[in-house]
Enquirer: 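My structure is below; once you've seen it, I'll send some questions.
First the proteins, then the strands, lettered A, B, ... as listed; each starts at 1.
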2 protein chains.
Amino acid sequence: MDHSIQDIARLAGTTSRTLRHYGAEGLLPPSRVAANGYRYYDDRALVRLQRILLLRELGLGLPAIRAVLDRETDEAAALRAHLGWLEQEQQRLQRQIRSVHTTITALEGKDQLMAETMFDGFDHSIHKEEVEQRWGADAYASGDSWWRDMTAAQRAQWQATTAALQADWRDAAERQVAPDGTEAQQLAGRHVQWLDAVPGIPRENGRPAAAYVRGLGEMYVADDRFAAHYGGQAGAGFVRDALAVYAARTL
Amino acid sequence: MDHSIQDIARLAGTTSRTLRHYGAEGLLPPSRVAANGYRYYDDRALVRLQRILLLRELGLGLPAIRAVLDRETDEAAALRAHLGWLEQEQQRLQRQIRSVHTTITALEGKDQLMAETMFDGFDHSIHKEEVEQRWGADAYASGDSWWRDMTAAQRAQWQATTAALQADWRDAAERQVAPDGTEAQQLAGRHVQWLDAVPGIPRENGRPAAAYVRGLGEMYVADDRFAAHYGGQAGAGFVRDALAVYAARTL
DNA sequence: AGTTGACCTTGACGTAACGTCAAGATTTAT
DNA sequence: ATAAATCTTGACGTTACGTCAAGGTCAACT
């Protein structure tokens with residue numbers, strides 16, 4: 001009927017330190033304390049512990065959890081309040097991410113560019129530093145050699161594809177198409193397919209990695225030289241949003 | 001040439017406590033300390049302080065900032081490393097948000113439903129508790145009375161519109177359309193327009209609030225009764241993603 | 001009985017970046 | 001001369017435990 005502190009800790013997937021902490025906080029007192037001071041917990045305590053751990057995984061603090069378990073607060077209400085906080089945090093992070101992106105771009109704006117011809121066809125590895133640090137030196141090197149080893153005709157072909165894609169993006173952006181709409185999402189699909197032809201980019205289960213695609217979109221916005229290809233700030237923002245939706249949905 | 005501690009604090013938009021903290025950490029020592037112990041900072045210190053605060057807003061920790069300012073680390077490299085952390089945090093939050101949503105739905109699954117007829121036409125306010133707590137009692141009440149005051153013909157009209165929209169969503173989902181593509185985004189546009197016809201929903205500058213639209217999408221996924229209208233889990237996930245992209249891009 | 005582990009206890013420091021008193025010294029204004 | 005500002009150092013609080021540290025307790029083995 002009783003379990004030692006290590007026992008329930010293992011049963012619930014936590015540590016004895018956590019159990020003692022919850023005991024000290026009055027959140028989960030031992031169901032019995034032996035004469036020698038040893039803590040013992042019964043099955044009801046185990047159930048309570050599991051509820052606590054569940055709520056903790058959702059991000060609730062111990063005071064909020066106590067209020068819920070002691071029925072001082074409605075659980076759903078507490079979770080909805082918590083949801084608001086989570087969403088705010090997420091937005092704050094989103095803003096920080098964008099600021100960091102633009103800061104990086106501003107810092108490196110005038111450093112190592114790849115050759116101009118390359119710029120038009122291989123825009124995603126123009127930032128040598130960024131590609132190497134975030135996706136590994138291989139990503140840059142293999143993309144680089146892939147491009148260099150192309151024949152002139154292959155390169156021209158590739159540039160034509162790229163130009164057409166960019167033109168369609170600009171067109172859609174001008175027409176104020178919704179970035180999560182079918183048309184934009186089809187463009188995003190083409191964009192990812194185009195990307196997929198480049199060896200060495202980071203992938204997940206065979207497809208370009210979602211984080212990479214999103215990062216690419218942010219880069220288009222952060223760097224005016226890219227933005228120009230997609231119709232300026234507004235157009236690049238559109239591309240970024242479309243890629244983000246696409247990545248969320250299908251990658 | 002010199003400023004007192006309060007002076008630069010005001011100039012830089014921070015507090016004297018922070019200045020002392022940075023001094024104690026060796027991150028920004030006072031440029032001069034008078035015989036009486038008073039700290040004084042010159043213009044170079046002000047510049048350094050401003051850089052520190054900028055990096056802090058981007059979320060960097062003090063050790064990372066020190067490394068950058070002391071030129072032990074490349075600033076862009078530090079920011080890219082930081083970017084990876086930010087993106088991970090964002091994903092963790094996203095997972096928590098979804099878990100909270102499904103938990104809330106599971107908790108309230110069988111409580112207060114609106115009438116069945118209402119269910120088919122007014123799905124976004126079916127969760128009385130959720131709507132009231134997160135968007136205010138007015139949101140629920142005005143939506144509720146709007147619906148109740150309709151004539152039978154008006155209601156039938158509305159339900160037909162709703163059903164058509166849902167059918168198009170199911171169709172697009174089945175065809176594996178990309179959620180950030182043009183087609184899905186057009187559907188999202190229709191969805192928001194449809195929503196916009198309901199009085200009392202939360203708005204921002206005249207249009208349905210982005211957070212509300214996103215929340216709606218999450219609800220479709222979290223609640224099987226909604227999901228059913230959009231083609232089950234997969235379909236609802238598609239709708240959610242499409243709405244999220246749409247919200248990000250145009251709301 | 002003595003010893004060896006395995007397990008238990010309480011106690012206390014560390015974490016990130018300051019916010020917030022508190023007590024006392026100094027400068028500035030009246 | 002006195003009051004009001006401003007300055008100093010010192011220290012606790014914040015969140016949920018992780019991580020020693022020093023020292024009891026218990027079952028098993030010699």
Side-chain angles (χ1 to χ4, degrees), chain A residues 2-41 45 48-49 51-69 78 82 85-86 89 92-93 96, chain B residues 2-41 45 49 51-69 78 81-82 85-86 89 92-93 96:
Chain A
D2 280 3
H3 308 280
S4 74
I5 194 167
Q6 297 263 24
D7 280 355
I8 14 121
R10 268 192 296 268
L11 283 173
T14 183
T15 70
S16 59
R17 176 67 176 89
T18 298
L19 269 293
R20 279 192 272 269
H21 185 58
Y22 292 165
E25 297 285 294
L27 192 57
L28 180 66
S31 33
R32 183 170 70 84
V33 178
N36 57 18
Y38 283 25
R39 295 167 173 79
Y40 292 96
Y41 299 79
R48 187 174 171 98
L49 174 57
R51 283 199 70 192
I52 293 172
L53 294 176
L54 262 175
L55 293 173
R56 278 256 61 205
E57 283 179 22
L58 298 179
L60 271 84
L62 298 190
I65 293 177
R66 172 163 37 222
V68 169
L69 294 185
H82 182 53
W85 148 270
L86 286 175
E89 278 298 291
R92 195 174 57 77
L93 280 177
Q96 283 195 337
Chain B
D2 281 1
H3 308 279
S4 74
I5 194 168
Q6 297 263 23
D7 280 356
I8 14 122
R10 269 191 295 269
L11 283 173
T14 183
T15 70
S16 59
R17 176 65 175 92
T18 298
L19 268 293
R20 278 191 273 268
H21 185 59
Y22 292 166
E25 297 286 294
L27 191 58
L28 179 67
S31 34
R32 183 169 69 84
V33 178
N36 56 17
Y38 282 25
R39 296 168 172 80
Y40 292 95
Y41 298 79
L49 174 57
R51 282 199 71 191
I52 293 172
L53 294 176
L54 262 175
L55 294 173
R56 279 257 59 208
E57 282 179 23
L58 298 179
L60 271 84
L62 298 190
I65 293 176
R66 171 163 38 222
V68 169
L69 293 185
H82 182 54
W85 148 268
L86 286 176
E89 278 298 291
R92 196 174 57 78
L93 280 179
Q96 283 195 338

Enquirer: Is B/Thr18 close enough to C/dA17 that one of its side-chain N or O atoms is under 4.0 Å from OP1 or OP2 there?
Expert: no
Enquirer: Distance between the P atoms of C/dA16 and D/dC20, in whole angstroms?
Expert: 16 Å
Enquirer: So how far is it from A/Leu60 CG to A/Trp85 CH2, rounded to the nearest 0.5 Å?
Expert: 11.5 Å
Enquirer: I need the CG-P distance between A/Leu19 and D/dA16, as an integer number of Å.
Expert: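 Roughly 16 Å, once rounded to whole Å.
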Enquirer: Please list, chain by chain and in numerical order, all residues satisfying salt bridge (charged side-chain N to carboxylate O under 4.0 Å, His left out) with A/Arg51, sequence neighbours excluded.
Expert: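 A/Arg51 satisfies salt bridge (charged side-chain N to carboxylate O under 4.0 Å, His left out) with A/Glu75 once adjacent residues are dropped.
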Enquirer: Any side-chain heavy atom of A/Asp7 within less than 4.5 Å of one from A/Asp2?
Expert: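 The answer is no, as the side chains (C-beta and beyond) never meet within the 4.5 Å cut-off.
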Enquirer: Working to the nearest 0.5 Å, report the span between CD1 of A/Ile8 and OG1 of A/Thr14.
Expert: 9.0 Å
Enquirer: Could you state the interatomic distance from CG (A/Leu27) to CZ (A/Arg48), rounded to the nearest 0.5 Å?
Expert: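 Atom-to-atom, A/Leu27:CG and A/Arg48:CZ are 6.0 Å apart.
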Enquirer: According to a strict under-4.0 Å criterion, is A/Thr15 in side-chain N/O contact with OP1 or OP2 of D/dG18?
Expert: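 Yes.
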Enquirer: Using a 4.5 Å cut-off on heavy atoms from C-beta on, say whether the side chain of B/Leu19 contacts that of B/Leu49.
Expert: yes
Enquirer: For the pair made of CG in A/Asp2 and P in C/dC7, what is the distance, rounded to whole Å?
Expert: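 Roughly 18 Å, once rounded to whole Å.
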Enquirer: Counting only heavy atoms and a strict 4.0 angstrom limit, can you tell me which residues of residues 53-69 of chain A come near DNA chain C?
Expert: none
Enquirer: Would you please name every residue forming a side-chain contact (heavy atoms from CB on, under 4.5 Å) with A/Arg20, sequence neighbours left out?
Expert: A/Ile5, A/Ser16, A/Arg39
Enquirer: C/dA16 P sits how many Å from B/Leu27 CG, rounded?
Expert: 15 Å
Enquirer: Rounded to the nearest angstrom, tell me the gap between atom NE2 in A/His21 and atom P in D/dT19.
Expert: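 It works out to 15 Å between those atoms.
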Enquirer: Which distance, rounded to the nearest 0.5 Å, do you find between the CD1 of A/Ile65 and the CG of A/Leu28?
Expert: 11.5 Å
Enquirer: Please give the distance between the C1' atoms of D/dG13 and C/dC13 as a whole number of Å.
Expert: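 That atom pair is separated by 15 Å.
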Enquirer: Specify the residues of residues 28-35 of chain B, ordered by number, for which at least one heavy atom lies under 4.0 angstrom from an atom of DNA chain C.
Expert: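 DNA chain C contact set from residues 28-35 of chain B: none.
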Enquirer: Reading nucleotides 1-12 of chain D 5' to 3', which nucleotides get B (base under 4.0 Å from a protein heavy atom), which S (sugar-phosphate only), which -?
Expert: -----BSBB-B-
Enquirer: CD of B/Glu89 versus C1' of C/dA16: gap in Å, rounded?
Expert: 14 Å
Enquirer: Checking side chain to side chain contact (heavy atoms under 4.5 Å, CB included) for the pair A/Leu86/A/Leu58: CA distance, chi angles, key distance, verdict?
Expert: CA-CA 10 Å; A/Leu86 286 175; A/Leu58 298 179; over 6 Å; no
Enquirer: Among all residues two or more places apart in sequence or in another chain, which pass the salt bridge (charged side-chain N to carboxylate O under 4.0 Å, His left out) test with A/Glu25?
Expert: none
Enquirer: Could you grab the distance from atom CD of A/Glu57 to atom CD1 of A/Ile52, nearest 0.5 Å is fine?
Expert: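 Here the rounded value is 12.5 Å.
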